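Report on one structure; see the data block that follows.
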Amino acid sequence: MSNRVVCREASHAGSWYSASGSQLNAQLEGWLSQAQSTVRPARAIIAPHAGYTYCGACAAHAYKQVDPSVTRRVFILGPSHHVPLSRCALSPADVYRTPLYDLRIDQKVYADLWKTGLFERMSLQTDEDEHSIEMHLPYTAKAMESHKDEFSIVPVLVGALSESKEQEYGRLLSKYLADPSNLFIISSDFCHWGQRFRYTYYDESQGEIYRSIEHLDKMGMSIIEQLDPISFTNYLKKYRNTICGRHPIGVLLNAVAELRKSGLEMNFSFLNYAQSSQCRNWQDSSVSYAAGALIVH
């Protein structure tokens, strides 16, 4: 075994967000200064993974709920956009680079997860091609900067899981969610609407198309706030809403359901909702973003 440190480069810096540490820092500070910390400390957040010009302001509302003084481990669950994956995968890297500072993967937790036999190992190429985890790294670095040498990350790439697999991973991860020193980041955008996404659901009773999209998204968001994995699955089956992080969300909801059995009280609230543009006709397209936080009482 070699002791060479494997680094995952910040492959989307310079395109999806600024590669300049000082510029990126100023942008993140600006967005965070506009958000209120109303539900701290969050045990889990849901936040988007688009380019920061589109969703940076929305994501800030979730990251503002993070308390760096209690957080020692940050689990980041992101969907796989490019490779077919029916399970969950772990990174081959030791370190994730960001323009702010490098983030260290928790190899002890990785070893424990690996032992379960439920995880695949993704290639470094797959890891660097995927944006769903990377887009949370600069925000994680910024939210945790006052304790930057005191925490590690646990990135998990989530495949197209069956309902039973969502339950299985939810049960497995529930013991980590129960620990107040852990934070879970669930990476998801909401509705991808338009012909380019092959999704054009429209409820005319809502008025303009963008209003119909908002109504559809908020229906799903209120089900997530109820923390009911079965209702969320049924909602997705009925409307087919193109929520790209539906499987990471499903894993979180199942982990919460597991902890609720033992009497832990939790609640989830969404704090911000945005759309990349307002769709008014069939040629238009948009992606929706939502930011929310889970509190454990």
Side-chain angles (χ1 to χ4, degrees), residues 28 31-32 35-49 55 58-79 88 90-91 95-96 98 100-110 112-113 132-158 169-170 172-188 224-225 227 245 248-260 264-272 290-297:
L28 295 171
W31 288 318
L32 286 164
Q36 309 299 313
S37 61
T38 49
V39 285
R40 286 180 90 191
R43 187 73 55 89
I45 60 173
I46 294 176
H49 54 236
C55 77
C58 174
H61 292 269
Y63 278 94
K64 191 79 168 196
Q65 316 315 320
V66 173
D67 184 349
S69 70
V70 298
T71 305
R72 291 297 164 263
R73 221 170 281 103
V74 180
F75 288 73
I76 309 172
L77 275 57
C88 290
L90 304 177
S91 171
V95 166
Y96 273 17
T98 85
L100 301 178
Y101 59 89
D102 293 349
L103 304 178
R104 185 174 46 82
I105 290 183
D106 193 312
Q107 295 299 339
K108 184 187 178 307
V109 173
Y110 252 27
D112 291 344
L113 295 177
S132 74
I133 293 172
E134 180 180 341
M135 296 310 294
H136 291 281
L137 304 177
Y139 252 122
T140 296
K142 182 62 185 165
M144 294 297 298
E145 68 182 345
S146 61
H147 291 70
K148 70 178 180 185
D149 299 321
E150 299 167 42
F151 80 99
S152 53
I153 61 168
V154 184
V156 178
L157 190 64
V158 179
Y169 285 107
L172 172 69
L173 294 173
S174 65
K175 70 169 187 182
Y176 298 103
L177 185 64
D179 182 343
S181 67
N182 291 336
L183 167 72
F184 275 72
I185 296 171
I186 307 300
S187 176
S188 186
I224 293 168
E225 287 181 332
L227 297 171
I249 293 170
V251 170
L252 174 70
L253 294 179
N254 278 286
V256 166
E258 189 66 23
L259 293 184
R260 280 177 135 184
L264 260 189
E265 290 221 8
M266 296 174 237
N267 66 297
F268 191 95
S269 46
F270 277 101
L271 306 160
N272 189 259
L294 178 82
I295 301 297
V296 180
H297 298 293

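Keep in mind it's a predicted model, so treat the numbers as computed, not measured.
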*ring pair (Phe, Tyr, Trp, His ring centres under 6.0 Å) against Y176, all qualifying residues, sequence neighbours excluded*: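 F75.
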*Partners meeting ring pair (Phe, Tyr, Trp, His ring centres under 6.0 Å) with Y96 (sequence neighbours left out)*: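 In terms of ring pair (Phe, Tyr, Trp, His ring centres under 6.0 Å), with neighbours along the sequence ignored, Y96 is linked to no residue.
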Which heavy-atom pair separates [X] from [Y] by the least distance, and what is that distance?
X: L259; Y: S174; value: CD2-O, 3.5 Å
X: G78; Y: S187; value: CA-CB, 3.9 Å
X: H136; Y: T140; value: O-OG1, 2.7 Å
X: T98; Y: A141; value: OG1-CB, 4.3 Å
X: L28; Y: P138; value: CD1-O, 3.7 Å
X: P48; Y: A290; value: CD-O, 3.6 Å

If you round to the nearest 0.5 Å, how far is [atom2] of [Y] from [atom1] of [X]?
X: I46; Y: E225; atom1: CD1; atom2: CD; answer: 9.5 Å
X: D106; Y: I153; atom1: CG; atom2: CD1; answer: 9.5 Å
X: L252; Y: L227; atom1: CG; atom2: CG; answer: 7.5 Å
X: D112; Y: K108; atom1: CG; atom2: NZ; answer: 4.0 Å
X: R43; Y: H297; atom1: CZ; atom2: NE2; answer: 11.0 Å
X: L177; Y: L172; atom1: CG; atom2: CG; answer: 12.0 Å

Are the side chains of [Y] and [X] in contact, using a 4.5 Å heavy-atom criterion?
X: R73; Y: V154; answer: yes
X: S91; Y: Y110; answer: yes
X: F184; Y: I45; answer: no
X: L271; Y: T38; answer: yes
X: V156; Y: I76; answer: no
X: L103; Y: L137; answer: yes
X: W31; Y: Y63; answer: no
X: T71; Y: N182; answer: no

_Applying side chain to side chain contact (heavy atoms under 4.5 Å, CB included) to V296 and L264, what does each step give before you reach the verdict?_
CA-CA 7 Å; V296 180; L264 260 189; 4.0 Å; yes
*Would you call D179 and K175 a salt bridge, using N to O less than 4.0 angstrom?*
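A salt bridge is absent here (no side-chain N lies under 4.0 Å from a carboxylate O).
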*asked:* With a 4.0 Å cut-off on N to O distance, would you call E145 and K142 a salt bridge?
replied: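 Yes.
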_Check against side chain to side chain contact (heavy atoms under 4.5 Å, CB included), L183 and V66_ = CA-CA 8 Å; L183 167 72; V66 173; 3.8 Å; yes
*Output yes when a side-chain donor or acceptor of K64 lies under 3.5 Å from a complementary backbone atom of S37, and no otherwise.*
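Pair absent, no side-chain N/O of K64 close to backbone of S37.
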*Any donor-acceptor pair under 3.5 Å from Q65 side chain to Q36 backbone*: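 Judged by distance alone, yes, a pair lies under 3.5 Å.
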*asked:* Assess the residue pair F270 and I224 against the criterion (side chain to side chain contact (heavy atoms under 4.5 Å, CB included)); give the C-alpha distance rounded to whole Å, side-chain angles, the decisive distance to 0.1 Å, and a yes or no.
replied: CA-CA 9 Å; F270 277 101; I224 293 168; 3.9 Å; yes
Report the residues that fulfil side-chain hydrogen bond (donor to acceptor under 3.5 Å, both in side chains) with [X], sequence neighbours left out, ordered by chain and then residue number.
X: S188; answer: none
X: S269; answer: none
X: R72; answer: E150

*Can you sort out the partners of P41 under side chain to side chain contact (heavy atoms under 4.5 Å, CB included), two or more places apart, ordered by chain and number?*
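So P41 forms a side chain to side chain contact (heavy atoms under 4.5 Å, CB included) with D67, V70.
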